[in-house]
J.: 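Okay, handing you the structure first.
Just so it is clear, the structure is predicted and the values come from calculations on it, not from any experiment. Atoms within each ligand, like the ligands themselves, are counted from 1 in listed order. Numbering starts at 1 and runs along the sequence shown. Below, each value reflects all heavy atoms present in this structure, side chains not excepted, and no hydrogens, waters or symmetry copies.
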Amino acid sequence: MSADLSVQLAPGNKRGLLLSNPVMTASGTFGYGTEYAEVFDIQRLGAIICKGTTCEPREGNPQPRLFETASGLLNSIGWQNIGVKALIKEKAPAWAGWRVPVIVNIAGDTVADYARVAEELDGVDGVSGVEVNISCPNVRVGGAAFGVEPDSAAEVTTAVRAATSLPVIVKLTPNTSDIAGVAAAVVKAGADAVSLINTLKGTAIDIRKRSPAIGNIICGLSGPAIKPVALAMVYEVAGAVSVPVIGCGGIATAEDALEFIMAGASAVQVGTATFANPRASLDVLEGIEQFMEAEGIKSLKEIIGAARG
Ligand SMILES: Cc1cc2nc3c(=O)[nH]c(=O)nc-3n(C[C@H](O)[C@H](O)[C@H](O)COP(=O)(O)O)c2cc1C
């Protein structure tokens, strides 16, 4: 009999958010999922998280917006997206026919913006949950500004919780001195799960031009460079909250993912790795399956938090 990799990410929510396995794609690195449907069987994934979605369509930040660093990637895409109305009309109908659940990453400039997007998505066929992005470092208003302090993070969560019956995942920023405090505050405010981490603040300078190498100057750092930071934060947050924790940050292999799971994550997200290897998320899943078989592990639950004291 094959092992049980299923995981329930919203045990406290009436609808629930049951995944067949713990491997998800990270927001902003997998489009709307539709783009990858030709590349591999995306239905095998645990869940897909789409690009950050706002009330109105947005063009994002000025170019250049991507810059490669040692073991990492700087991005300042901003919230380039088609807007929630177009998403409901053009993307959700396809998702409704999929086996893999799609979670919509939501963002806004104000608390009311977040609530409006969440409300629009409530009851839409094909949408299985929302991930609240209070952690984007490269936008001037909104985003990470809400995620730095427990009170403002809780305020956004309360508003989203009141606006939708969908499972609510709150995505945390590492750019704070108290990520466990922010996690505890959003859980108290009604988050069904937390995901972490979003990108770390970073930049690069073009020394010949004597100017920033990226249009928006302050960017988000992702990829292997941030994995140890993300892992430590997942370990810390998993000890501070009782809801499921979703680990993200530099995961490129099954071994990376298993580290997060053993640190206490119930599921993982694969982000930047997809740019180098479009089927990275599936490779991670297959690697986890092989590891479990080789180690005689019958259920994922046996290893969630296994490295905790
Ligand atoms: C190009 C790019 C775009 C991103 N867009 C979003 C976004 O719209 N919303 C969000 O919450 N996170 C966004 N992220 C952050 C990722 O989802 C993820 O949290 C982060 O990159 C760390 O994981 P990784 O090292 O596996 O990429 C983006 C990351 C990248 C590289």
J.: Is it the case that ligand 1 has an N or O less than 3.5 angstrom from some N or O of L66?
T.: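 In this structure, L66 places no N or O atom under 3.5 Å from an N or O of ligand 1.
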J.: With a cut-off of 4.0 Å, which atoms of ligand 1 are near a heavy atom of N133?
T.: 9 (N), 10 (C), 11 (O)
J.: Under a 4.0 Å heavy-atom limit, does N75 contact ligand 1 with its side chain, its backbone, both, or neither?
T.: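 Near ligand 1, N75 shows its side chain, while the N, CA, C and O stay back.
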J.: Suppose I only count heavy atoms of A26 and a 4.0 Å limit; which atoms of ligand 1 are within that range?
T.: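 So the atoms of ligand 1 that pass are 17 (O).
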J.: So, D122 versus S165: side-chain donor-acceptor pair below 3.5 Å or not?
T.: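 Indeed, the side chains of D122 and S165 share at least one donor-acceptor pair under 3.5 Å.
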J.: Using a strict 4.0 Å threshold on nitrogen-to-oxygen distance, state whether K85 and E90 make a salt bridge.
T.: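 No, this pair does not count.
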J.: Tell me, please, which residues at least two apart from A257 pass side-chain contact (heavy atoms from CB on, under 4.5 Å).
T.: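 Once residues adjacent in sequence are excluded, the partners of A257 under the side-chain contact (heavy atoms from CB on, under 4.5 Å) criterion are I251, V268, V284, I288.
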J.: Is K171 in polar range of ligand 1, meaning some N or O pair under 3.5 Å apart?
T.: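 Yes, K171 has an N/O under 3.5 Å of an N/O on ligand 1.
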J.: Could an N or O of ligand 1 be found under 3.5 Å from any N or O of G271, whether backbone or side chain?
T.: yes
J.: Could you tell me which atoms of ligand 1, counted from 1 in the order shown, lie closer than 4.0 angstrom to a heavy atom of T199?
T.: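 Selected atoms, number and element: 20 (C), 21 (O).
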J.: Taking both backbone and side-chain atoms of A273, is any N or O found less than 3.5 Å from an N or O belonging to ligand 1?
T.: no
J.: For atom 28 (C) of ligand 1, which candidate among S27, G247, C219 provides the closest heavy atom?
T.: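 Heavy atom nearest to atom 28 (C) of ligand 1 belongs to S27.
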J.: Output the list of atoms in ligand 1 that are nearer than 4.0 Å to some heavy atom of I77, sorted by atom number.
T.: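 Per the distance check, 1 (C).
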J.: With heavy atoms of C248 as the reference, note each atom of ligand 1 found under 4.0 Å away.
T.: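 Listed by number with element, the hits are 18 (C), 19 (O), 22 (C), 23 (O).
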J.: Does anything in residues 262-279 form a side-chain hydrogen bond (donor to acceptor under 3.5 Å, both in side chains)? List the pairs, not counting sequence neighbours.
T.: E131-Q269, S222-T272, N277-D283, R279-D283, R279-E286
J.: Flag T272 as yes when one of its N or O atoms lies below 3.5 Å from any N or O atom of ligand 1, and as no otherwise.
T.: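 Right, the criterion is met.
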J.: Does I197 come within less than 4.0 Å of ligand 1, judged by its heavy atoms?
T.: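 Heavy atoms of I197 do come under 4.0 Å of ligand 1.
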J.: In terms of side-chain heavy atoms, does D178 have a donor or acceptor partner in T176 at a distance below 3.5 Å?
T.: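 Judged by distance alone, the side chains do not pair up.
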J.: For E293, does the CD atom sit with more than 12 other heavy atoms under 6.0 Å from it, leaving out its own atoms?
T.: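 No, because the 6.0 Å sphere around CD of E293 holds 12 heavy atoms or fewer from other groups.
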